[in-house]
Amino acid sequence: IIGDTGGISGYSGVVTGVSDVKSALPSSFSLDQNYPNPFNPSTTIRFEIPEAARVVLKVFNLLGQEMATLVDDRRPAGKYDVHVDGLPWPTGVYYYRLTAGGFMQTKKMLVVQ
């Protein structure tokens, strides 16, 4: 279970960091396409939040089953990069979803093993 300090659940890969990207504060919520995409074995997901909020970033398979929780904690306004390395999942399409404040968005990514 993920607590207020954030963390990972459901896979043996490694989130190598969630870093605050230094620049002007964003004016709206956004979730960018992961890069590189397709990827093997690592990728980066960037998101922006214009106000402090509880942020949840999860990955799902095509059946809608939760594969991982990458972020689950309260974050101040800012731009963030989530660096994910070593996903043990087979080649395929996966979805990642950001929920923050009243914002929710989902994007597609492709793992190639």
Side-chain angles (χ1 to χ4, degrees):
I1 303 297
I2 304 303
D4 289 336
T5 60
I8 305 166
S9 173
Y11 79 104
S12 60
V14 177
V15 172
T16 58
V18 178
S19 58
D20 184 5
V21 178
K22 301 295 181 197
S23 64
L25 290 178
S27 60
S28 63
F29 289 95
S30 71
L31 176 62
D32 293 350
Q33 184 63 52
N34 68 301
Y35 61 91
N37 189 35
F39 69 94
N40 175 17
S42 63
T43 192
T44 299
I45 299 170
R46 176 172 282 184
F47 64 88
E48 300 178 0
I49 58 172
E51 60 194 44
R54 179 170 176 249
V55 174
V56 178
L57 180 61
K58 294 186 176 199
V59 179
F60 301 89
N61 65 17
L62 282 173
L63 299 176
Q65 298 166 317
E66 184 179 323
M67 300 298 290
T69 297
L70 303 177
V71 177
D72 186 353
D73 60 7
R74 186 160 180 81
R75 300 277 169 158
K79 299 178 181 183
Y80 297 90
D81 284 345
V82 179
H83 305 283
V84 184
D85 190 25
L87 297 175
W89 310 324
T91 296
V93 175
Y94 296 86
Y95 294 92
Y96 56 100
R97 181 179 66 206
L98 177 71
T99 305
F103 175 83
M104 184 188 313
Q105 188 171 21
T106 303
K107 299 269 184 174
K108 180 169 56 172
M109 65 181 176
L110 179 60
V111 175
V112 179
Q113 297 292 354

Could you tell me if the side chain of [Y] sits less than 4.5 Å from the side chain of [X], heavy atoms only?
X	Y	value
L31	T106	no
P26	K79	yes
Y96	Q33	yes
Y95	L62	yes
Y80	V55	no

Checklist entry - Is there a side chain to side chain contact (heavy atoms under 4.5 Å, CB included) between V111 and T91 once you walk through the steps? => result CA-CA 5 Å; V111 175; T91 296; 5.5 Å; no
Checklist entry - Do you know which of F60, F39, W89 makes ring pair (Phe, Tyr, Trp, His ring centres under 6.0 Å) with Y94? => result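 Looking at F60, F39, W89, the match for Y94 under the ring pair (Phe, Tyr, Trp, His ring centres under 6.0 Å) is W89.
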Next on the checklist: Within this structure, what is the CG-NZ distance for the pair N37 and K107, rounded to the nearest 0.5 Å?
Outcome noted: 10.5 Å
Next on the checklist: For P50 versus S28, what's the shortest heavy-atom pair and its separation?
Outcome noted: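 Smallest interatomic distance, heavy atoms only, reads CD-C, 3.6 Å.
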Item to check | Over all atoms of both residues, closest heavy-atom pair of I49 and P76 | outcome: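 Looking at all heavy atoms of both residues, the closest pair is CD1-O, 3.4 Å.
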Checklist entry - Under the criterion side-chain contact (heavy atoms from CB on, under 4.5 Å), which of L98, T99, V82 is the partner of V71? => result V82
Next on the checklist: As a quick check of understanding, evaluate side chain to side chain contact (heavy atoms under 4.5 Å, CB included) for E48 and L25, giving each step before the final call.
Outcome noted: CA-CA 8 Å; E48 300 178 0; L25 290 178; over 6 Å; no
